[in-house]
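We count ligands from 1, going down the list as the structure has it; atoms in each ligand are counted the same way.
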Amino acid sequence: MGKLFISEHPLIQHKMAMLRDKNTTTKEFKELITEITMLLTYEATRDLPLEDFEVETPIATAKCRRVAKEIVVVPILRAGIGMVDGVHSLLPAAKVGHIGIYRDPDTLMPVEYYCKVPKDMEKAKVLLVDPMLATGGTAKASIEFLKERGADEITLISIIAAPQGVKTVQQAFNDVDIYTAAYDSALNEHGYIVPGLGDAGDRMFGTK
Ligand code: URA
């Protein structure tokens, strides 16, 4: 089974309190999403492979190491877009894919309306980002899409995860780790995470 990492880092917990607050402005919300994503990305990239190389300092040659893995960040539309800057602040060379999926109200099957990812996904570590892991339906469909495109190293980063979403992902895939800043208790009848933070996309883009 993939790992569930719930960050207890004081900085993340402090920022989460501000993020959840209904009085937080759109500007602050966006900034907090970026900062928390950056801190979660730091944790999620702890096992990246390194290669040796040499750097000339002003004094001598230093034996150094650099990341030896291509990174692709894939936001799930729409709210995942708000997490891309946070990943890019640590991994500026990461390529960006996009996944747009909705659930057909009649069939309840996931429908892809916009999906574009870089070539050579099999060589990359993919950071799939979506702030809210609620039912896990979209995350599951997105991971299936990425695997069909050849991705075999996928990590899901969500700001808040609900038990149902974690269970859906973990039951479907045994090789996808989940990194989150909070593990909330439940979903309400509208599919919102409780206590959560409301609609992440609306709060991020000021559309509520
Ligand atoms: N998506 C959101 O934006 N918020 C939730 O609570 C659940 C899904």
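- Looking at H190, M132, R203, it is M132 that brings a heavy atom closest to atom 8 (C) of ligand 1.
- The residues E70 and K123 are annotated as not salt-bridged, no charged nitrogen and carboxylate oxygen being separated by less than 4.0 angstrom.
- Inspection of the T25 and E28 side chains reveals an N or O donor paired with an N or O acceptor under 3.5 Å.
- Per-residue contacts place G198 under 4.0 angstrom from the following atoms of ligand 1 (heavy atoms of the residue considered): 2 (C), 3 (O), 4 (N), 5 (C), 6 (O).
- Less than 4.0 angstrom separates some heavy atom of A200 from each of these atoms of ligand 1: 2 (C), 3 (O).
- Using modelled atom types and a 3.5 Å distance limit, the side chains of E56 and T61 yield a donor-acceptor pair.
- Every heavy atom of A162 sits 4.0 Å or more from the atoms of ligand 1.
- Residues K30 and M204 are in side-chain contact: their nearest non-hydrogen atoms beyond the backbone lie under 4.5 Å apart.
- In terms of polar-atom proximity, A134 is not counted as a contact of ligand 1, lacking any N or O under 3.5 Å from an N or O of the ligand.
- Atoms of ligand 1 found under 4.0 Å from any heavy atom of G191 (numbered from 1 in listed order, with element): 7 (C).
- On a distance-only criterion, G201 and ligand 1 share no N/O pair closer than 3.5 Å.
- Listed by number with element, the atoms of ligand 1 under 4.0 angstrom from any heavy atom of Y192 are 4 (N), 5 (C), 6 (O), 7 (C).
- Distances from ligand 1 to the non-hydrogen atoms of A79 include no value under 4.0 Å.
- Side-chain N/O atoms of D85 and T34 include no donor and acceptor closer than 3.5 Å.
- Ion pair R20/D184 flagged as a salt bridge, since at least one NZ, NE, NH1 or NH2 atom sits closer than 4.0 Å to an Asp/Glu carboxylate oxygen.
- In terms of protein heavy-atom proximity, atom 6 (O) of ligand 1 is nearest to I193 N, 2.7 Å.
- Inter-residue side-chain proximity for V169 and L156 is flagged as met; some heavy-atom pair is nearer than 4.5 Å.
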